[in-house]
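Below is one structure, written out as C-alpha cells; comments come after it.
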Number of protein chains: 2
Amino acid sequence: MADSIIDSLKAGGKKLTKPRQAILAILESNALPVTAAEVHARLKKARAPMDLATVYRNLTMLQELGLVDPVGLREGQMRYEVRHGREHHHHIQCRGCGRIVDLMLCPLKKLTQLVESQTKFAVEGHSLEFFGWCPQCR
Amino acid sequence: MADSIIDSLKAGGKKLTKPRQAILAILESNALPVTAAEVHARLKKARAPMDLATVYRNLTMLQELGLVDPVGLREGQMRYEVRHGREHHHHIQCRGCGRIVDLMLCPLKKLTQLVESQTKFAVEGHSLEFFGWCPQCR
DNA sequence: TGTTAAATGCGAATCACTTGCAACAAGGAA
DNA sequence: TTCCTTGTTGCAAGTGATTCGCATTTAACA
Ligand SMILES: [Mn+2]
Ligand SMILES: [Mn+2]
Ligand SMILES: [Zn+2]
Ligand SMILES: [Zn+2]
C-alpha cells in the first residue's frame, strides 16, 4: 500500500479498514479499469467477500479523494482505475469483444485552453474514449 | 422533416409513424442534447403524449440508423441529439448548474490515425466531453 | 381493401446504484 | 490499555433509468 494513498485517506478523515485495503489491492493489481461488480467478484474469489454496497461506497469515496479515476465506456456501468503511479491517459474499447486497451496519450492539454477561452468555463477535466474493432473482431 | 431522414428510415425498413415524427420534431427543435425523459415531457406538453418505452425504443433505433448521436455526460442518463445538418462536435458541461455548451470542434482526426497504428484497432468513433465550471457557477 | 410486418401502450422486469439503520471497528485521547 | 468518538459495514429496501413481453394498432404496399 503506497504511502501517498494512506496519506490521502488520513487527510480526508477516512479510516484504513480491512475491506478498504482489500478493494485497493484489487484495484492496484489491475492494469485495466474494472467495474464495481468485478471488484466484488474478485474479492469473493480472494476470500475477502464484502457487500456490493460497500464496494460502491468505497469506489465513490476514492474517486472523491482523487485516488481513482472513473472510466465511462457506455456499457451501462462505470469502471474505475487507480490513479497512483500512472499517467493520465485514455482508452479504446472493441465494440465486438469489449476488450479495453490503455492509450498512453492525451491530446487535450492545448485544446483545454482553447475551450476555456471560447466558453469562459474553467475546465476541470474531460473524458475521452475511443470505440472500434480489435484485430480479432475485425 | 428532412428527406435524408425519411430515406434512412425507409432504407432501414422502418415506418414513419406519427409518434416517431413527433420525436424527430422535438429532437430537431433542440440545439442541445436531450434525455429520453425530456423528450417524453415535451411530447406531453406538445399534446402528443406517448409511452416512455416508445421514446426509448425510438431513440435507440435512430441511434442505430446513425440519425442521432448519443452524448454521455455521466449524469446517470444518456442524452441524444440529431446528427442531420450539424457538424460532428463535442460538449462541455458545468459541474455546478449542469449547463451544456456545444463545442464546435474536434481535435481527433489526426489522433485517430495514431491510435489505429498503435493499437491495430479500426477506430469507429470516440466520445469526448469536458467538465468544468461555467462563469455563473465559478 | 387486405395482408403483413413493424410499432405502440401498458405493465412488469432488470440493472446499476443508493440509502437507512443497527451493529462494528478504527484510531486517537486519557 | 481502555474508552470514546466517528467513520464503516452488512443487510434489506428503495431509486431511477432503461428494457421486455405481449396483445393491440397502424403504416406500407400489393
Ligand atoms: Mn487505463
Ligand atoms: Mn451538441
Ligand atoms: Zn486526457
Ligand atoms: Zn470528435
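Numbers restart at 1 for each chain; the letters A, B, ... are given by sequence-line order, proteins then strands.
Here the side chains of B:E129 and B:S127 are in contact, with some heavy-atom distance below 4.5 Å.
In this structure, A:T17 does not reach the D:dG7 phosphate: none of its side-chain N or O atoms is under 4.0 Å from OP1 or OP2.
Aromatic ring centres of A:H126 and B:H91: separated by at least 6.0 Å.
Within the nucleic acid shown, A:L52 has no heavy atom closer than 4.0 Å to any nucleic acid atom. Within 4.0 Å of B:A53, counting heavy atoms only, lies at least one base atom of the nucleic acid.
Of the residues A:E38, A:E81, A:R42, the one that meets the side-chain hydrogen bond (donor to acceptor under 3.5 Å, both in side chains) test with A:N30 is A:R42. Just one residue in the list A:R79, A:R74, A:E75 forms a side-chain hydrogen bond (donor to acceptor under 3.5 Å, both in side chains) with A:Q93, and that residue is A:E75.
Taking CD from B:E28 and CZ from B:R86, the interatomic distance works out to 8.0 Å, rounded to the nearest 0.5 Å.
Nucleotide D:dT8 holds its C1' atom 11 Å from the CD1 atom of A:I23, rounded to whole Å. Atom-to-atom, CZ of A:R20 to P of C:dC24 comes out at 19 Å; the value is rounded to the nearest Å. Across the protein-nucleic acid pair, B:K10 atom NZ and D:dA28 atom C1' stand 9 Å apart, rounded to whole Å. In this entry the distance linking CZ of B:R74 with P of D:dA17 reads 19 Å, nearest Å. Rounded to an integer number of Å, the gap from A:E75 CD to C:dC17 C1' is 16 Å. As a whole-Å value, the separation of A:H40 NE2 from D:dT9 C1' is 12 Å. Rounded to an integer number of Å, the gap from B:D51 CG to D:dT24 C1' is 14 Å. One interatomic measurement links the two molecules: CG of A:L43 to C1' of D:dG10, which rounds to 14 Å at whole-angstrom precision.
For the pair B:P19 and B:M78, nearest-nucleotide mapping onto DNA chain D gives the more 5' position to B:M78.
Of the possible polar contacts, none joining the A:T54 side chain to the A:M50 backbone as a donor-acceptor pair under 3.5 Å is found. Not a single donor-acceptor pair under 3.5 Å links the side chain of B:K110 to the backbone N or O of B:P107.
The stretch residues 54-63 of chain B touches DNA chain C through B:T54, B:R57, B:N58, each having a heavy atom within less than 4.0 Å of the strand.
Checked by distance alone, B:K15 brings a side-chain donor or acceptor within 3.5 Å of a matching partner on the base of C:dA5.
In the set C:dA26, C:dC17, D:dG10, D:dG10 carries the atom at the smallest distance from any side-chain atom of A:M50.
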